[in-house]
Amino acid sequence: MTDDPSRSRHARDLAPLRWSVATAAFQIEGARHADGRGRSIWDDFVESPGAVLDGATAEPGPDSWHRWREDIALAAALGVDRYRFSLSWVRVQPEHGRPANRLAIDRYSRMVDVLLEAGVTPFVTLYHWDLPSALEERGGWLDRATSFAFADYVEVVVGALGDRVSDWYTINEPVSTTLQGYAIGELAPARTLLFDALPTVHHQLLAHGLAQQIIRSAGAGRVGIVNNHTAVRSASEGDDDVAAAGVYDLLHNRLFADPVLRGEYPDVSMLGVPDLPVADGDLALISHPSDFYGVNYYNPTRVGAAAPDSPIPFELLPIEGVPTTGFGWPIDPQGLRVVLDQLAARYGDALPPIVIGENGASFPEPDQTSHAIDDAARIDYLARHLDAVDRARADGLDVAEFTVWSLLDNFEWADGFTQRFGLVHVDHRTSVRTPKASYSWLRDRIAAVRGRREAGVGA
Ligand code: BGC
C-alpha cells in the first residue's frame, strides 16, 4: 500500500478479477453481403487497391456471421465470465433514417440468448470502427451530426437487447480513429488531416456521452467507454524530447481521458489548432460518471523531438533491447502498470473501476494447422501482463476485469490476415477453428484461480 489516496482500497476489498475475451464485428463476421448488411468505411477501405497489406477483404475469415455458435462454445469452454463482441452498425441500420434490419437484430438477439444460456455474460461494444459510409460521405466523425446518428442507432440496439444485455462499451478506442483514421490515414476512413482531425475527438466522445445517457435512461445496465492507453517515454532527459513526449501523452492519453474523467479538455493550444467544437452541456454529458473505465493496453511508446521540417511536433521511436511481437511492438508489462498508476494519480476518485478491455499479442504463425499451435510467446506475454494486473490489484488499484484480445485470429485491419492475435487459430480460407496452446493455458489458469477462490485461498 502507498499513502496515495487514490489507492485507498486494499486488494481484500476488491471483487475477484473477472475474465473476458474479445472480438469485433468487422474483424470476425465476414459475410459482408449477407442478410441486408449496409456499407461501412471498412468496406470502402478493403476495396481500395493496395490499402490492405495482403489484399484481404475480411472474407471468409472466421465467418462468425454464420459460425457464431462455435465462438460462444469456445468462450464458454474457456470459462470466461464475459464475451466482448461488437455489433455492426450497418447490419442493424443498413441505411440511415430507414427502418432497422430485423434479420440482424434477431441474429444478435439470439446470440445474446445463447451466451446467457451458456453462462457467459454478453459485453457489447456498440462501436468498433465500422462507421456507415453514408455518414462518412457527410463528414463522418468530423461532423457533429454523426454523434446523433450514433445515438439513433444505440436507441434501436438498446430497445432490442437492453432487456438482456447489462454491460456495454460505447466507443472503442476513439484515439485510433482520430490519429490513425483521420490524421494519418492508416485506418479507415484513410483521411490525412493531421491536426485538422481533432474535431473527431469531440464527436466520438459526445457519441459516448449520448449512448451512456440512453443506456442509463433505459435502465439497461453498466456502461463505459474503452480507450487505448500507452505509457509514453521520453527518448532522453533533454528538454526537447521531454516536451515532445508530453505532447504525445496529451494527444494519445489525456485528450481522451480528461473529458471523460475530469469534464474538461487539456490545453492543446501548443498545437496551434482551433478549439474543439464543444457546445454547452457537452462536457457534462461526456463526463457523466461511468460504471467502469475501459483500458486497452498493448505497448509503451518512446517519443522524441521531431525533425525541424516535420509537420508534427514529435517523433515515435523504436524501443531497443526488449522482445517484440509479430507487429514489432515492444513487449513491456511494466508499461501497463505505468498506465494504471497514471490513471489513478491523474483522476483519483473520479476513476471508476478499470476494465482492461484488450490485451494480447500477434506472433508469426502458419495460415494452416492440423494441431494446437504451441504459442509459448503469447502465453508468456499474457502471463506477464496478468502478473502486472495482479500486482496492481494487490497494491489496491481497482482493476475489475481482464480481457484477452482476441478469442480468434481475425482480420487485423490494414494488415489483413497477416497478424494473428487469437487464442484460437483460424484458417481464413475454410474458417476452421483450432485452439492454440494459449487457449488451454488460459482455461487452466481461470480454473485454477476459481478453484483457489472456492477453496478460500487468495482472491
Ligand atoms: C483494436 C483491435 C485490434 C487490436 C490489435 C486494438 O487497437 O481495438 O481491433 O485488432 O488493437 O491491433
Side-chain angles (χ1 to χ4, degrees), residues 20-30 40-42 45-46 52-54 56 58 61-62 64 71 83-89 123-131 169-184 186-189 204 208 224-231 251-253 256 293-301 316 324-331 335-336 339 355-365 375 377-378 381-382 385 401-424 426 428 438:
S20 182
V21 280
T23 59
F26 193 81
Q27 294 182 270
I28 63 163
E29 285 183 351
S40 84
I41 54 174
W42 275 97
F45 194 93
V46 300
V52 177
L53 187 61
D54 57 356
S64 291
D71 303 345
Y83 177 43
R84 175 185 175 197
F85 62 101
S86 81
L87 308 182
S88 161
W89 185 347
F123 202 156
V124 168
T125 310
L126 288 161
Y127 180 76
H128 201 125
W129 300 0
D130 41 2
L131 186 73
Y169 289 108
T170 52
I171 304 277
N172 179 70
E173 294 192 1
V175 65
S176 306
T177 294
T178 297
L179 297 187
Q180 289 167 278
Y182 284 86
I184 61 169
E186 275 177 3
L187 298 174
Q204 291 181 87
H208 153 74
I225 196 167
V226 57
N227 276 328
N228 181 296
H229 282 289
T230 186
L251 270 179
H252 191 117
N253 294 316
F256 297 87
Y293 183 74
V295 172
N296 292 353
Y297 172 81
Y298 287 91
N299 55 265
T301 308
L316 305 187
T324 52
T325 70
F327 251 137
W329 297 349
I331 300 176
L336 173 56
V339 161
V355 164
I356 309 279
E358 289 180 28
N359 178 248
S362 63
F363 292 101
E365 285 163 354
D375 54 343
R378 178 170 296 103
Y381 179 100
L382 291 172
H385 285 79
E401 181 161 340
F402 183 84
T403 309
V404 175
W405 182 271
S406 178
L407 174 63
L408 305 172
D409 287 341
N410 56 52
F411 176 77
E412 180 49 37
W413 307 114
D415 290 83
F417 291 140
T418 65
Q419 298 291 330
R420 295 179 172 274
F421 277 85
L423 299 168
V424 176
V426 176
H428 292 305
S438 57

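Whatever order the structure lists them in is the order used to number ligands and atoms, beginning at 1.
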For His128, atoms of ligand 1 separated by under 4.0 Å from a heavy atom: 1 (C), 2 (C), 8 (O), 9 (O)
Any Trp329 heavy atom less than 4.0 Å from ligand 1: yes
For Asn172, the ligand 1 atoms whose distance to one of its heavy atoms is below 4.0 Å: 8 (O)
Gln27, any N or O under 3.5 Å of ligand 1 N or O: yes
Per-atom contacts, ligand 1 versus Phe421 - under 4.0 Å to a heavy atom: 5 (C), 12 (O)
Partner residues of Asp130 under the salt bridge (Lys or Arg N to Asp or Glu O under 4.0 Å) criterion, sequence neighbours left out: none
Proximal candidate to atom 11 (O) of ligand 1 [heavy atom criterion; set Tyr298, Trp129, Trp405]: Tyr298
Closest approach of any protein heavy atom to atom 6 (C) of ligand 1, naming residue and atom: Glu358 OE1, 3.0 Å
Part of Phe26 within contact of ligand 1 (heavy atoms, under 4.0 Å): neither
Nearest candidate to atom 7 (O) of ligand 1, where distance is taken over non-hydrogen atoms, out of Glu412, Gln419, Glu173: Glu173
Check: Thr403 and Phe123 side chains under 4.5 Å, non-hydrogen atoms: no
Pairing residues for Ser438 by the side chain to side chain donor-acceptor pair (under 3.5 Å) criterion, not counting sequence neighbours: Asp375
Side chains of Ser64 and Asp71, donor plus acceptor under 3.5 Å: yes
Side-chain donor-acceptor pair present, Tyr83, Thr23, cut-off under 3.5 Å: yes
Lys/Arg-Asp/Glu bridge criterion (N-O < 4.0 Å) met for Glu365, Arg378: yes
Leu187 side chain near Ser176 side chain, heavy-atom distance below 4.5 Å: yes
